[in-house]
Amino acid sequence: MSKKGKVLVAMSGGIDSTVTALMLHEQGYEVVGITMKTWDYTASGGSKKETGCCNLDSFNDARMAAVQHGFPHYILDIRDEFGSFVVENFVDEYLAGRTPNPCVLCNTHIKWRALLKRADALDCEFIATGHYASIGHNAANDRYFISKGTDETKDQSYVLWGLQQDLLRRTLLPLGNYRKTEIRQMAHDFGYPELAKKAESYEICFVPDNDYRGFLRRKVDGLEERVAGGAFVDKEGNILGQHKGYPFYTIGQRKGLDITFGKPVYVTAIDPETNTVTLGEEGDLDKEEMTVGKVNWVKYDGIGEGMEARTKIRYKDPGTFSELIPAGDGVQVRFFEKAKGIAPGQSAVFYEGNDVIGGGIIQRY
C-alpha cells in the first residue's frame with residue numbers, strides 16, 4: 001500500500017471525477033476507480049439515447065482513464081438500491097404536493113453508503129468524489145464538516161449536508177480548492193483535451209429529457225385522469241380556473257400555467273388533498289419562517305436556542321440570514337429578511353461562514 005493510503009474514487013466518466021482520480025494517483029495514493037450504474041435510462045422512456053452519468057460511453061471513458069494510468073476499475077450495479085429509494089421517494093414527494101431533491105437523497109443514502117461498503121471490501125481507507133466542496137475537522141469536538149468550494153459558481157456543499165460523520169471521516173474531496181477552469185486545464189495537461197471541453201449535464205439522471213411530468217405520468221398508472229380538473233385558486237380561495245393536476249406544478253412556477261391575468265402570477269401553494277393550486281403575485285412567495293425536519297447536524301452535534309446562520313433554500317440561493325430555533329427533532333427557521341419561494345420537500349442548509357452547520361428537509365412555511 002502507498003504511504004498516502006488506498007482510495008476508492010467514484011468515476012462517472014466526466015471531467016471532475018476523472019481529474020479527481022488522476023490527481024490522487026499523481027499525489028501518491030493507491031487509486032481504485034469505481035463507476036456506479038444507478039439507473040436504466042432507456043427503460044424509463046423518453047429519448048432512446050442515454051445521457052448523463054449512466055451511459056455506456058461514460059463507463060468506457062472512466063475505464064479507459066484507469067487503464068491508461070495503471071489502476072484498477074470496477075463497475076457497480078446499484079439500480080435496485082437506487083430505484084427502491086430515490087425514485088420512489090421522488091414520485092411520492094410530488095404526489096404529496098412537495099418538490100423533492102433527489103441528488104441529496106442519492107448522495108446521502110445511496111452513493112456514499114455504497115462506496116463505503118465497497119471500500120471496506122477492497123481494503124480502501126478512503127473514498128473520493130469530484131464534488132466542489134471541502135472537508136474540515138474541528139479538533140475541539142472531533143467532528144468533520146463540509147465547507148464551500150473555492151469556486152462559488154460550482155460549489156456543491158448544498159447537496160452534501162446529509163453526509164454523516166462516519167462518511168465524512170473517510171471522504172476526500174480534492175477539487176474543493178480549485179476552480180472549474182483549473183480543472184479543465186488539468187484534464188488537458190493529463191492528455192485529455194476532449195474531456196477538457198466536455199459539456200456538463202444538469203439533468204436528473206433518471207428523468208428522460210428532463211421532463212419530470214412525463215416521468216410521473218409513466219410511473220403512476222392513471223395519474224393524469226386522477227388529478228386532472230383541479231382548481232386554480234387565489235389566496236382567498238376564489239376559483240380562477242382549472243389546472244392539469246397538482247403534481248405537475250412547483251412553488252414559484254410562473255410559466256406553463258395556461259392561464260392569463262394580464263400580469264405575472266406564480267404558484268404559491270399546492271394542496272394535494274383538495275387538488276388545488278394557489279396562484280398569487282411575486283410578493284406572495286415571500287415568507288418570514290419555515291419548519292425544517294429530518295435534520296443532520298454536521299459541524300456541531302446540535303445547536304443551542306437562537307443560533308444565527310445563513311440559510312440556503314435551494315442550490316443557487318445565496319442564502320438568507322436567519323435564526324435557528326430547535327423544535328423537537330427539527331428546526332424552526334426565522335428569517336431576518338423574507339425568503340422567496342420556499343418549497344416543501346427541498347433542502348434547507350445552514351451555514352456558518354463557509355462551513356455547513358447542518359441541513360434538513362423543508363416541511364412547511
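None of these values were measured; they are calculated from a predicted model.
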Practice problem: May I ask you to decide if Gly176's main-chain N or O and Thr150's side chain share a donor-acceptor pair within less than 3.5 Å? | Solution: yes
Exercise. Classify the ring geometry between Phe85 and His109 as parallel (under 30°), tilted (30 to 60°) or perpendicular (over 60°).
Key: tilted
Quiz item: Taking everything shown except Asn141 itself, do over 12 heavy atoms lie less than 6.0 Å from its CG?
Solution: yes
Quiz item: Would Arg170 and Asp120 satisfy salt bridge (Lys or Arg N to Asp or Glu O under 4.0 Å), going step by step from the backbone distance to the final call?
Solution: CA-CA 11 Å; Arg170 295 175 61 182; Asp120 289 339; 2.9 Å; yes
Practice problem: Please indicate whether Gln27 has more than 12 foreign heavy atoms, meaning atoms of other residues, nucleotides or ligands, lying under 6.0 Å from its CD. | Solution: yes
Quiz item: Any donor-acceptor pair under 3.5 Å linking the side chain of His243 with the backbone of Asn275?
Solution: yes
Quiz item: Taking Trp112 as the fixed residue, which of Thr129, Thr171, Asn107 is the one that meets the side chain to side chain donor-acceptor pair (under 3.5 Å) rule?
Solution: Thr171
Self-check item: CD (Glu281) with more than 12 external heavy atoms under 6.0 Å
Solution: no
Exercise. Could you check if a side-chain atom of Pro272 sits within less than 4.5 angstrom of a side-chain atom of Leu95, using non-hydrogen atoms only?
Key: no
Exercise. Is it possible for you to check whether Arg310 lies under 6.0 Å from the centre of the six-membered ring of Phe321, through NZ or CZ, and within 45° of that ring's axis?
Key: yes
Exercise. State whether the number of non-hydrogen atoms from other residues, nucleotides or ligands found under 6.0 Å of Glu337 atom CD is greater than 12.
Key: no
Quiz item: Is a side-chain donor or acceptor of Lys6 paired with a backbone partner of Leu122 at a separation under 3.5 angstrom?
Solution: yes
Quiz item: Distance from Phe82 atom CZ to Glu88 atom CD, nearest 0.5 Å?
Solution: 11.5 Å
Practice problem: Could you tell me whether the side chain of Gln346 and the main chain of Thr99 form a donor-acceptor pair under 3.5 Å? | Solution: yes
Quiz item: Taking the inter-plane angle between the rings of Phe190 and His69 on a 0 to 90° scale, is it parallel (under 30°), tilted (30 to 60°) or perpendicular (over 60°)?
Solution: perpendicular
Practice problem: Consider only side-chain N and O atoms of Gln185 and Arg179, and report whether a donor and an acceptor are under 3.5 Å apart. | Solution: no
Quiz prompt | Whether over 12 other heavy atoms sit under 6.0 Å from Asp80 CG | solution = no
Quiz prompt | Sidechain N-carboxylate O distance under 4.0 Å for Lys154, Asp16 | solution = no
Exercise. Spell out, yes or no, whether Val32 and Val67 are grouped together once hydrophobic residues are joined by side-chain heavy atoms under 4.5 Å, including indirect joins.
Key: no
Quiz item: Would the Tyr249 and Phe232 ring centres measure less than 6.0 Å apart?
Solution: yes
Exercise. Count the heavy atoms of every other residue, nucleotide or ligand shown that sit under 6.0 Å from OH of Tyr178, and state whether that count exceeds 12.
Key: no
Quiz prompt | Check: Ser12/Ser17 side-chain N/O donor and acceptor closer than 3.5 Å | solution = yes
Quiz item: Do Leu223 and Phe248 come close enough that some side-chain heavy atom pair is under 4.5 Å?
Solution: yes
Practice problem: Report yes if the side chains of Ser147 and Asp355 come closer than 4.5 Å at any heavy-atom pair, otherwise no. | Solution: yes
Quiz item: With no hydrogens and no angle check, is any side-chain donor or acceptor of Arg314 less than 3.5 Å from a backbone partner on Ala343?
Solution: no
Quiz item: Considering all heavy atoms of both residues, which atom of Leu240 and which atom of Ile259 are nearest to each other, and what is their separation?
Solution: O-CD1, 3.5 Å
Practice problem: Flag yes if more than 12 heavy atoms outside Lys180 fall under 6.0 Å of its NZ atom; otherwise flag no. | Solution: yes
Quiz prompt | Any side-chain heavy-atom pair of His73 and Thr35 under 4.5 Å | solution = yes
Practice problem: Flag the pair Lys340 / Glu282 as yes when at least one side-chain heavy-atom distance between them is below 4.5 Å, and no otherwise. | Solution: yes
Quiz prompt | Side-chain donor-acceptor contact under 3.5 Å, Asp317 with Tyr158 | solution = no
Self-check item: Path from Met290 to Ile325 over hydrophobic side-chain contacts below 4.5 Å
Solution: no
Quiz item: Just wondering, do Phe71 and Val9 contact through their side chains at under 4.5 Å, heavy atoms?
Solution: no
